[in-house]
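By convention here, the first residue in the shown sequence is residue 1. Values in this document were obtained by computation on a predicted structure and should not be read as measured data.
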Amino acid sequence: MHPGPFLRAIALAAVAVGATVGSAPVLADETCNSPYITNLIKGQEDFLYVWTLGVAGMGDGSDKLVTLDVNPASKKFGQVVAQMSVGARGEAHHAGFTDDRRFLWAGGLDDSKIYVFDIHSDPGKPKLVTTIGDFAARSGLVGPHTFHALPGRMLIGALSNAKDKGGATGMALYSNKGVFISKVDMPTSKGGDGYGYDIAFNPARNVMLTSSFTGHKNYMTDLGALMKDAGAMKQFGSTMVLWNLKSLQPEKVFSVPGAPLEIRWSLKGGDDWAITASALTSQLWLVKKDARGDWQARAVGAIGDAAKIPLPVDMSITADSRGLWVNTFMDGTTRYFDISNPEAPKQTYAKKTGAQVNMISQSWDGKRVYVSSSLLAKWDKKGIDDEQFVKLFAWNGKELTETFKVDFYKLKLGRAHHMKLGAKAAQGGAIAAR
């Protein structure tokens, strides 16, 4: 299928929606969401959907979407209310909503399967409605990682390729109905290294940013063994790419050493900057236009002691873009940075929230913070430090106070990874304010 008509449709929609995204009020950052669904985020969330890695011999051993009740007024607050197993174990990782927020797409980094869950018919009990098993065959890519909604489409960033399972990769464009449209390769010229990881849109400026990680060979290798392999440790991305959002064409490659991972654009109206963290060098990087109007990327701050490789893995920006939450996996710490001046971030708070922590998301009103534990099955810690949980913390602007903890191992659910929010009022994709 020729991608031209679809890309033109996206371009027209991006112009129309871009103005809305740029002017609509925004609330706290729900990690890894496309800005095209920002106006559907309102009020008090009722559910937390947790994309969970199966563990052999634990429960049914399969990956599953676990639903927690997270409304403080509910009698089941802090409890598991549903689980939808996919009947396979393929390294469950990230997930993303369609632009109407009616469906949640979730991927496996090992088997490259994609699962589509209906989360609007019965928000408290998601159901699996589609399994896409030919992602690798259709796109030539493996490891579907980032699911970012475009108007009527889903853009999927992969981590690897089907040919040699190394770091050279790309993105795949699908219709909301699960029909493959086209593939876009990550650039390997003009400074590009071909690696991929996160995707982040700024529709108001018609730009997209992508970051870079590593290929299937590395992320499916035990972390201890990997860190002892000098050759393998050289196979990590060291770039970010600036794209034309409408045409999906790369325009500039930035040198960002150390595997830059999650990207967060400022949510404050009128701002034109994004921030990321390099996993291996523990640096915060700012992407912003210089005095001449040219986009640049530069390191602006440190996250902990880089010599100890704290491994920053996820971040969440506040609605006013004056604060940034950062989780570091190796030391199990949740940090808060004052980024009121994004040129000079300052850590103002830190709390050890687990033996290992990975994803972090804020509630829709920004008053609560969700933390999950698992990074990758073969990278998670061993023994007593292999905690697997979801925790909710209250945030009063000064201190995180644990509200509940759901022990995923105790409940035989597996390894808790990506989290998404849902509401009972989600009908037709609209989430009503309470």
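In this structure, the side chain to side chain donor-acceptor pair (under 3.5 Å) partners of W273, at least two apart in sequence or on a different chain, are D271. N202 meets the side chain to side chain donor-acceptor pair (under 3.5 Å) test with no other residue; sequence neighbours excluded. Not counting sequence neighbours, the partners of D272 by the salt bridge (Lys or Arg N to Asp or Glu O under 4.0 Å) test are R205. By the side chain to side chain donor-acceptor pair (under 3.5 Å) test, Y370 is found to be paired with E45, residues two or more places apart in sequence or in another chain being considered. Annotation: salt bridge (Lys or Arg N to Asp or Glu O under 4.0 Å) contacts of D185 (sequence neighbours excluded): K183. Contacts of K382 classified as salt bridge (Lys or Arg N to Asp or Glu O under 4.0 Å), with partners at least two apart in sequence or in another chain: D222. Checked against salt bridge (Lys or Arg N to Asp or Glu O under 4.0 Å), K381 has no partners two or more places apart in sequence or in another chain. Annotation: side chain to side chain donor-acceptor pair (under 3.5 Å) contacts of S278 (sequence neighbours excluded): T281.
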Practice task
Take T348 and D338, measure what side chain to side chain donor-acceptor pair (under 3.5 Å) needs, and give me the verdict at the end.
Solution key: CA-CA 6 Å; T348 58; D338 179 343; over 6 Å; no

Handout entry: N176 and T98: CA distance, side-chain angles, deciding distance, side chain to side chain donor-acceptor pair (under 3.5 Å) verdict
Key = CA-CA 7 Å; N176 276 1; T98 50; 5.0 Å; no

Exercise for the section: Starting from the C-alpha separation in whole Å, work towards a yes-or-no answer on side chain to side chain donor-acceptor pair (under 3.5 Å) for N33 and K420. Expected result: CA-CA 9 Å; N33 266 357; K420 290 293 186 182; 2.7 Å; yes

Problem - Intermediate values then yes/no, side-chain contact (heavy atoms from CB on, under 4.5 Å), L413 and V80 - result: CA-CA 10 Å; L413 296 172; V80 173; 3.9 Å; yes

Practice task
Output, in order, the C-alpha distance, side-chain angles, deciding distance and verdict of side chain to side chain donor-acceptor pair (under 3.5 Å) for S372 and N358.
Solution key: CA-CA 6 Å; S372 66; N358 188 17; 5.5 Å; no

Practice task
Under the side-chain contact (heavy atoms from CB on, under 4.5 Å) rule, what do Y49 and V66 come out as? Steps first, then yes or no, please.
Solution key: CA-CA 6 Å; Y49 306 124; V66 176; over 6 Å; no

Handout entry: Residue pair M154, L173: steps toward the side-chain contact (heavy atoms from CB on, under 4.5 Å) verdict
Key = CA-CA 6 Å; M154 186 69 80; L173 190 64; over 6 Å; no

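Salt-bridge annotation for K378 and E91: absent, with no side-chain N of the basic residue lying under 4.0 Å from a carboxylate O of the acidic one. The pair D198-R264 meets the salt-bridge criterion, since a charged nitrogen lies less than 4.0 angstrom from a carboxylate oxygen.
Under a 3.5 Å cut-off, the side chain of S361 and the backbone N or O of V369 do not form any donor-acceptor pair. In this structure, T214 contributes its side chain and N218 its backbone to no donor-acceptor pair below 3.5 Å. For S62 (side chain) and R89 (main-chain N/O), no donor-acceptor pair under 3.5 Å exists by modelled atom type. Between the H120 side chain and the R102 main chain, a donor and an acceptor come within less than 3.5 Å of each other. For S211 (side chain) and M240 (main-chain N/O), no donor-acceptor pair under 3.5 Å exists by modelled atom type. Within the 3.5 Å criterion, the main-chain N or O of G167 finds no donor-acceptor partner in the side chain of T169. Without hydrogens or angle criteria, D193 side chain to G237 main chain gives no donor-acceptor distance under 3.5 Å. In this structure, D294 contributes its side chain and Q296 its backbone to no donor-acceptor pair below 3.5 Å. K346 places no side-chain N or O within 3.5 Å of a backbone atom of A344 that could act as its donor or acceptor partner. Proximity of a side-chain donor or acceptor of D118 to a complementary backbone N or O of F103 within less than 3.5 Å is not detected.
The shortest non-hydrogen separation linking A299 to W285 is N-CE3, 3.3 Å.
Between F201 and Y36, the ring-plane angle classifies as perpendicular under the 30° and 60° cut-offs. Classification of the F135-Y174 ring pair by plane angle, with boundaries at 30° and 60°, yields parallel. Ring-plane geometry between W395 and Y336 is classed as tilted, the angle between the planes lying from 30 to 60 degrees on a 0 to 90 degree scale.
Checked options L324, L286, V287, I317; the residue passing with P342 is L286 (criterion: side chain to side chain contact (heavy atoms under 4.5 Å, CB included)).
Residue I37 holds its CD1 atom at 4.5 Å from CZ of R101, rounded to the nearest 0.5 Å. Within the model, atoms CZ of F97 and NE2 of H148 stand 13.0 Å from one another, a figure rounded to the nearest 0.5 Å. With rounding to the nearest 0.5 angstrom, the OG atom of S182 is 7.5 Å from the CG atom of L248. Atom CD of residue Q83 and atom CG of residue D60 lie 7.0 Å apart, to the nearest 0.5 angstrom. Between the CG atom in D122 and the NZ atom in K424 there is a gap of 10.5 Å [rounded to 0.5 Å]. Distance check: L223 CG to L375 CG gives 8.0 Å after rounding to the nearest 0.5 Å.
Remark: K352 NZ is packed, more than 12 non-hydrogen atoms of other residues, nucleotides or ligands lying under 6.0 Å away.
Identified under the ring-ring contact (aromatic ring centres under 6.0 Å, His included) test for residues 237-260, with sequence neighbours left out: none. Every pair passing side chain to side chain donor-acceptor pair (under 3.5 Å) that includes a residue from residues 383-392 is listed here, sequence neighbours excluded: Q356-D386, S373-Q388, D380-Q388, D386-Q388, D386-Y409, D386-R415. For the side chain to side chain donor-acceptor pair (under 3.5 Å) condition, the pairs that include at least one residue of residues 105-117, sequence neighbours left out, are D110-H216. Sorted by first and then second residue, the side chain to side chain donor-acceptor pair (under 3.5 Å) pairs involving residues 321-330 (not counting sequence neighbours) are S266-S321, N327-T334, T328-D331, T328-R335.
Annotation: H93 is in aromatic contact with H145 [ring centroid separation under 6.0 Å].
Within the 4.5 Å cutoff, side-chain heavy atoms of I303 are placed close to those of L284.
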